[in-house]
Amino acid sequence: MESARYPLPPRDTIERHRYGGVGWLVWGGIILGSRTDLHVQSVTMTGHIYRDVILEQHVRLFRGAMGAEFLFMDDNARPHRANIVDECLQSEDITRMDWPAYSPDLNPIEHVWDMLGRRIAARQPPPTCLPELRRALLDEWRNIPQYQIDNLILSMPRRCEACIASSGRHTPY
């Protein structure tokens, strides 16, 4: 048996995937038992784009289908916190979940994004251009088993309890 040694990357190395240097907006919504279609668009996110593309075209319709019990969860990304986004959510009577500033590990969608990224990375052959990447994202999003998404959503009480118990520090999730 042979073994191979590979040098470790420097500690300050950050993995980046570049597909032509273009900014991409990738958005999807999840709920127990279902998910939205994945929205993939070649554009850099701003508050205006988030409002016009995501909130107006997706979240508003999703909220309408869900009814009054709808609670919107996003992260604290700067475009999500723009005044025009807050105004839009208020005008559509969409309640946003209060969210701690440095706790993306609590949000189930972050784990779904991780699953999606791993599925893309495992594709053979891997995507080599933007159109292939877009198709791969859409295919892999549809192929994530719903039970895995449901399990992540159902784990939210445990995640929140662990975050409270650790005073907001690292949790095993």
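- In summary, Arg119 and Asp139 do not engage in a salt bridge, as defined by a charged side-chain N under 4.0 Å from a carboxylate O.
- Taking NE2 of His111 as the start and CG of Asn151 as the end, the distance is 12.5 Å to the nearest 0.5 Å.
- Side-chain contact of Asn83 with Glu87: a donor-acceptor pair under 3.5 Å is absent, judged by distance alone.
- Ring planes of Tyr50 and Phe72: tilted class, angle from 30 to 60°.
- Side-chain contact check for Val112 versus Trp141: some heavy-atom pair is nearer than 4.5 Å.
- In this structure the side chain of Arg123 never reaches within 4.5 angstrom of the side chain of Glu132, judged on heavy atoms.
- Put simply, Leu61 and Val85 are part of two different groups of oily side chains (I, L, V, M, F, W, Y) that touch within less than 4.5 Å, one to the next.
- Transitive grouping of hydrophobic side chains (ILVMFWY, heavy atoms separated by less than 4.5 Å) keeps Ile149 and Tyr147 in distinct clusters.
- Taking the side chain as every heavy atom from C-beta outward, Pro108 and Met73 approach each other to under 4.5 Å.
- For His39, the side-chain contact (heavy atoms from CB on, under 4.5 Å) partners are Leu25, Trp27, Gln41, Val53, Ile54, His58, not counting sequence neighbours.
- Within the 4.5 Å cutoff, no side-chain heavy atoms of Thr95 are placed close to those of Arg63.
- The minimum heavy-atom distance between Leu32 and Asp150, with the atom names listed, is CA-OD1, 3.4 Å.
- Contact detail for Ile120 and Leu137: the closest heavy-atom pair is CD1-N, 3.6 Å.
- In this structure, Arg51 contributes its side chain and Ala82 its backbone to no donor-acceptor pair below 3.5 Å.
- When all heavy atoms are compared, the tightest approach of Met97 to Leu71 is N-CD1, 3.7 Å.
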(request) With side-chain contact (heavy atoms from CB on, under 4.5 Å) as the test, would you mind laying out the steps for Leu152 and Met115 before giving the verdict? (result) CA-CA 11 Å; Leu152 287 168; Met115 279 190 258; 3.2 Å; yes

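- Ile31 and Met66 make their closest contact through CD1-SD, 3.6 Å (heavy atoms, listed as atom of the first residue, atom of the second, distance).
- The two residues Glu56 and Cys88 come nearest to each other via the heavy atoms OE2-SG, 3.3 Å.
- Note that CD1 of Ile109 and CG of Asp114 are 11.5 Å apart. Values are rounded to the nearest 0.5 Å.
- Atoms CG and CD1, on Leu55 and Ile84 in that order, are 9.0 Å from each other to the nearest 0.5 Å.
- Between the Glu140 side chain and the Ala136 main chain, no donor and acceptor come within less than 3.5 Å of each other.
- Environment of CG in Asp37: sparse, with no more than 12 heavy atoms of neighbouring residues, nucleotides or ligands closer than 6.0 Å.
- Using a 4.5 Å heavy-atom threshold, the side chains of Pro79 and Ile49 count as separate.
- In this structure, CG in Leu89 is found 5.0 Å from CZ in Arg96, a value given to the nearest 0.5 Å.
- Here the side chains of Arg134 and Leu130 are not in contact, with every heavy-atom distance at 4.5 Å or above.
- Nearest heavy atom pair, residue Ile144 against residue Gln148, reads CG2-OE1, 4.1 Å.
- Side-chain contact between Trp113 and Val26: present, with at least one pair of heavy atoms (C-beta onward) separated by less than 4.5 Å.
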